[in-house]
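Data block below; observations after.
Each chain gets a letter, A, B and so on, in the order its sequence line appears, and its residues count up from 1.
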Number of protein chains: 2
Amino acid sequence: MTNLNIYKEKLRQSGLRPTRQRLKICEALFSPEKTFHFTINDLTKIIEEKLSEKISLATVYNTIHAFKKKGYLKEILVNSDKRYFDTNVTEHHHFFDEDTNELIDCSSDDIDSVNIKQNITGKKIKSVEVLIKVATDNQTQK
Amino acid sequence: MTNLNIYKEKLRQSGLRPTRQRLKICEALFSPEKTFHFTINDLTKIIEEKLSEKISLATVYNTIHAFKKKGYLKEILVNSDKRYFDTNVTEHHHFFDEDTNELIDCSSDDIDSVNIKQNITGKKIKSVEVLIKVATDNQTQK
DNA sequence: GAAATAGTTTAGAATTATTATAAACAATAA
DNA sequence: TTATTGTTTATAATAATTCTAAACTATTTC
């Protein structure tokens, strides 16, 4: 309940009206203690089943894109089958388990900072992301 | 012409029959001096326009997937709008220019090797890929 | 507060990329 | 040369995402 006002403020601050649907989505995304990864489908299910709210798919898409644009979410690219989003928007990296198709955070502590010696002239580095694909030993690489 | 036999051999070696279509695709992909990035659409156009060959879309998809599986191609994930493939299958990384949507190789020389301190237990690291998003300074981050 | 406005949601249609299908065809093996 | 097995093709099917325009809601203005 107290979170609700925080979400309202958060939305207003970025020029998004705090509608019932957006607040529900905020609740699903930002009330869990731990950050997590999800697909649009996952999220729609969570909202329907756990929060007992039926939100139109188009709205879920709209909202997720708006949130991504505002920096409330990150999109993580791991394979071409699924689009994952991440509620952890801090600088971090990922393991992708090819056996289970699971995406696991790799904190910046678990990796030495990536040193880029040569950049494209005239451009600024906006982000550096490392994706580490893992599998059991006998597994073929994708 | 001499390349043709190399491609035939390459295909046979990996259990793929050297058909007219696959050889044309090999020509488009592996005869240029420099490696390059492409989408399925790009490739289909190149084959139609430059090599004056009409290959069914389904075959292009099939072949690209077969080649990827055999390690003749890599898929590069940069944004969710387009699926890029890379004829450079050596260990390397990428810059992605958000202004132009251009994908640029980042040789292993341009980046210090990534040191991963902590791995998932029981798993083997299959690949480590770094994606560096760049843009002109005033550009917003995607 | 009521009306005006600007932004949002919705169901369903449209679009797009990709994969499946099954018949015709081509490469290889016997 | 025939049989076998793999491949190509046009087209249909599927699936994810975006578009549309009408109904609705939050905010602003009076």
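- In this structure B:Leu57 satisfies the side chain to side chain contact (heavy atoms under 4.5 Å, CB included) test together with B:Ile40, B:Thr44, B:Tyr61, sequence neighbours excluded.
- Scored by the side chain to side chain donor-acceptor pair (under 3.5 Å) test, A:Asp42 finds A:Thr39 as partners (sequence neighbours excluded).
- Not counting sequence neighbours, A:His93 has no partner by the ring pair (Phe, Tyr, Trp, His ring centres under 6.0 Å) test.
- Rounded to 10°, the helix from C:dG1-D:dC30 to C:dA30-D:dT1 has 30° between the axis fitted to its first five pairs and the one fitted to its last five.
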Scan the side chains in residues 17-25 of chain A for donor-acceptor partners under 3.5 Å anywhere in the protein, sequence neighbours excluded, and list what turns up.
from	atom 1	to	atom 2	distance (Å)
A:Thr19	OG1	A:Arg22	N	3.2
A:Arg20	NH1	A:Glu53	OE2	2.2
A:Arg22	NH1	A:Arg17	O	3.0

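- Judged as a side chain to side chain donor-acceptor pair (under 3.5 Å), and not counting sequence neighbours, B:Ser108 has no contacts.
- A search for side chain to side chain donor-acceptor pair (under 3.5 Å) contacts involving B:Lys123 returns A:Asp97, A:Asp99, not counting sequence neighbours.
- By the side chain to side chain contact (heavy atoms under 4.5 Å, CB included) test, A:Gln118 is found to be paired with B:Asp110, residues two or more places apart in sequence or in another chain being considered.
- Between A:Tyr7 and A:Phe30, the angle of the ring planes lies from 30° to 60°, which puts this pair in the tilted group.
- If you walk DNA chain C from 5' to 3' and mark each nucleotide with an atom closer than 4.0 Å to a heavy atom of chain B, the marks span C:dA17 to C:dT28.
- Applying the ring pair (Phe, Tyr, Trp, His ring centres under 6.0 Å) rule to A:Phe36 yields the partners A:Phe38; only residues at least two apart in sequence or on another chain are considered.
- Clustering of Ile, Leu, Val, Met, Phe, Trp and Tyr by side-chain heavy atoms under 4.5 Å joins B:Leu77 with A:Leu77.
- Here D:dT8 presents its P atom at 13 Å from NZ of B:Lys54, a figure rounded to the nearest Å.
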**OP:** Using a 4.0 Å cut-off on protein heavy atoms (strictly under), produce a 5'-to-3' string for nucleotides 16-30 of chain D with B for base contact, S for backbone-only sugar-phosphate contact, and - for none.
**Re:** SSBB------BS---

